[in-house]
2 protein chains.
Amino acid sequence: MCLTMVETVPPTPAGDSGPTREHLLEAAGTVFAEVGFRAATVRAICQQAGANVAAVNYHFGDKEALYAAVLKESCRVALEKFPPDAGLPPEAPAENRLRAFVQAFLQRIFSGGPSARHGQLMAREMIEPTAALDGIVREEIRPMSVRLSEIIRALLGPSANEETVRRCSMSVVSQILFYHHCRPVVNRLFPEVTFTPEEIDRLADHITRFSLAALHHFSAENDTERRDNPNFASQGDHD
Amino acid sequence: MCLTMVETVPPTPAGDSGPTREHLLEAAGTVFAEVGFRAATVRAICQQAGANVAAVNYHFGDKEALYAAVLKESCRVALEKFPPDAGLPPEAPAENRLRAFVQAFLQRIFSGGPSARHGQLMAREMIEPTAALDGIVREEIRPMSVRLSEIIRALLGPSANEETVRRCSMSVVSQILFYHHCRPVVNRLFPEVTFTPEEIDRLADHITRFSLAALHHFSAENDTERRDNPNFASQGDHD
DNA sequence: TGACAATTCAAACAAATGTTTTAAATATGT
DNA sequence: ACATATTTAAAACATTTGTTTGAATTGTCA
């Protein structure tokens, strides 16, 4: 069926080939994030981009390729704007690195703009994974996961086994993602909850404190010699 | 346009009107949970139910009403099979009630059958809320939320303010939902993680211990008199 | 300017899908 | 058994949607 296909893919593979291509990427990012891949229509995307219906197929080949391009680009932008280490060196205290990790993650998800759109797209990928998810996990999520694991391992102490590190990592990430993934329910349950920058800061505080408390407890549980050390119960002046 | 419409809705409002209606509900539950409301086709549902294409409209009016019926029914079944208190009386120690809450929630989500389907449907509702979400929040989620809040409040002590209770409640629920909501990523990151009943138990253990450690810390932070009470640090023989 | 490639555009195509219609089949009550 | 209501079935309808087509337009370089 592709005998008559000469070259529908754009001759210029990537970059800023033209304004239409970028408008398309921008509009597609918005529409995909708003209604998801399936519900998004190329007509809606093209209209928002001020382009013709055939523009998607001309510049990207088909709708799915456009989606992959959007996902890749939004991922790049989000990580560039809010790097996971938030500028902290690896030698910084693990408590601070955890705080920075949590805050950067929350900002990446909740601050408006293309970074937030990436969060929306990823949330949809969780529910309905596309072929693009494998690449995202490999290039974005796994590096982030090992980075967090290192922080957690430093906090748990050397005697913590890998399973505990993994479980605790997930306990931390879960708290970050919850407000985003369950936003429709959170909004209905607690309409007073907002996501202003200040509120994001307070949220990062809570998640960090909640997690550090648990991690310090786990750490003390492993190294029995430290069990009655009162230092591990007080936490809050670590910055 | 509805002048010629006489009575497309079923004369028997609910209950076990006929085998076809139930087959439809069953098949629709499976298909909706698998591919979501939008991607599910009434043709696929009817085929799986062994019914004619027109059966959906005859018995439920339209596709959306069928979806609402599925959501309502799956919610009923899930809560009936795994009640949030897991048979524990309200006078039981808060630690035990928390453990029961976590375990029942995890089982509701991960054990197969109609109960798990409800979890799938709810996950999709989070990402793409339908009109049915308001009812679910009112009748299912909010009661569950106040129940958890009571447990958390008991653990935090009387001096904890509402905001802390709310935040800690979310920290607990988030850990429960994470493995479910982010399953595609978890599977790719840690293929060794399974969700057998035993693993679910261990997961419930971790979440409960992690949360109790943090909550006891918060509690001690508020009531400074309890700070050095060693009871709040040891927890692990609660069954 | 003129030829050639790249891009845009309007129209149409083909497939999928929710819904309706009309008739046949089945059950129900007398 | 007959009449009536209920349910099922096949076909068609109307709309949406991703994609293609071929002409028109624009840009580029000699």
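Convention: sequence-line order gives letters A, B, ...; per-chain numbering from 1. Since this is a predicted model, take the numbers as computed values, not measurements. What you see below is based on every heavy atom in this structure, not just the backbone, and it leaves out hydrogens, waters and symmetry mates.
Using a distance-only test at 3.5 Å, with no hydrogens or angles considered, a donor-acceptor pair links the side chain of Ser74(B) to the main chain of Leu71(B).
At least one side-chain nitrogen or oxygen of Arg38(B) sits closer than 4.0 Å to the OP1 or OP2 atom of dT17(D). A sub-4.0 Å separation between OP1 or OP2 of dT8(C) and a side-chain N or O of His59(A) is present.
Using modelled atom types and a 3.5 Å distance limit, the side chains of Ser149(A) and Arg166(A) yield no donor-acceptor pair.
Proximity note for Ala54(A) (side chain, C-beta onward) versus dA10(C), dT19(C), dG18(D): the nearest is dA10(C). Ranking dT8(C), dT19(D), dT19(C) by closeness to the Val53(A) side chain, first place goes to dT19(D). Between dT19(D), dA10(D), dG18(C), one nucleotide has an atom nearer to the side chain of Asn52(B) than all others, and that is dA10(D).
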Taking only distance into account, with no hydrogens and no angle test, what donor-acceptor pairs under 3.5 Å do side-chain atoms of residues 124-133 of chain A form with protein atoms, sequence neighbours excluded?
residue, atom, partner, partner atom, Å
Arg124(A), NE, Ala33(A), O, 3.3
Arg124(A), NH1, Glu128(B), OE1, 3.2
Arg124(A), NH2, Ala33(A), O, 3.4
Arg124(A), NH2, Glu34(A), O, 2.8
Glu125(A), OE1, Thr130(A), N, 3.0
Glu125(A), OE1, Thr130(A), OG1, 3.3
Glu125(A), OE2, Tyr67(A), OH, 2.5
Glu125(A), OE2, Thr130(A), OG1, 2.8
Glu128(A), OE1, Arg124(B), NH1, 3.1
Thr130(A), OG1, Ala132(A), N, 3.2

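Protein atom CZ of Phe60(B) is 12 Å distant from nucleotide atom P of dT7(D), rounded to whole Å. Going from atom NE2 of His23(B) over to atom C1' of dA9(D) covers 17 Å, rounded to whole Å. When the P atom of dT19(D) is taken as reference, atom CG of Asn57(A) falls 5 Å away, rounded to whole Å. Atom C1' of nucleotide dT19(C) and atom CG of Leu24(B) are separated by 15 Å, given to the nearest angstrom. Nucleotide dA14(C) holds its P atom 19 Å from the CG atom of Asp62(A), rounded to whole Å. Whole-Å rounding puts the Gln47(B) CD to dG18(C) P distance at 14 Å. In this structure, CD of Glu22(B) is placed 13 Å from P of dT7(D), rounded to the nearest angstrom. To the nearest angstrom, C1' of dT19(C) lies 14 Å from CG of Leu66(B).
Electrostatic pairing of Arg76(B) and Glu139(B) does not count as a salt bridge here, judged by no charged N lying under 4.0 Å from a carboxylate O. With respect to the salt-bridge test (charged N to carboxylate O, under 4.0 angstrom), the residues Glu150(B) and Arg147(B) do not qualify.
Using cut-offs of 30° and 60° on the angle between ring planes, the pair His206(A) and Phe210(A) is tilted. Taking the six-membered ring where the residue is Trp, Phe195(A) and Tyr179(A) present perpendicular rings, their angle passing 60° and hence far from 30°.
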Test salt bridge (charged side-chain N to carboxylate O under 4.0 Å, His left out) applied to Glu163(B) and Arg167(B), step by step = CA-CA 6 Å; Glu163(B) 192 186 355; Arg167(B) 287 217 160 102; 2.6 Å; yes
Stepwise salt bridge (charged side-chain N to carboxylate O under 4.0 Å, His left out) test for Arg202(A) and Glu199(A) = CA-CA 5 Å; Arg202(A) 273 200 287 273; Glu199(A) 198 59 36; 2.9 Å; yes
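Listed by residue number, the members of residues 39-46 of chain B with any heavy atom below 4.0 angstrom from DNA chain C are Ala40(B), Thr41(B), Val42(B), Arg43(B).
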message = Just to be sure I follow the notation: if a pair is Watson-Crick (purine N1 to pyrimidine N3 plus N6-O4 or O6-N4) or a G-U wobble (N1-O2 and O6-N3), each under 3.5 Å, what dot-bracket string does DNA chain C give, with | for pairs to another strand?
response = ||||||||||||||||||||||||||||||
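Here Ala55(B) lies out of heavy-atom contact (under 4.0 Å) with every strand.
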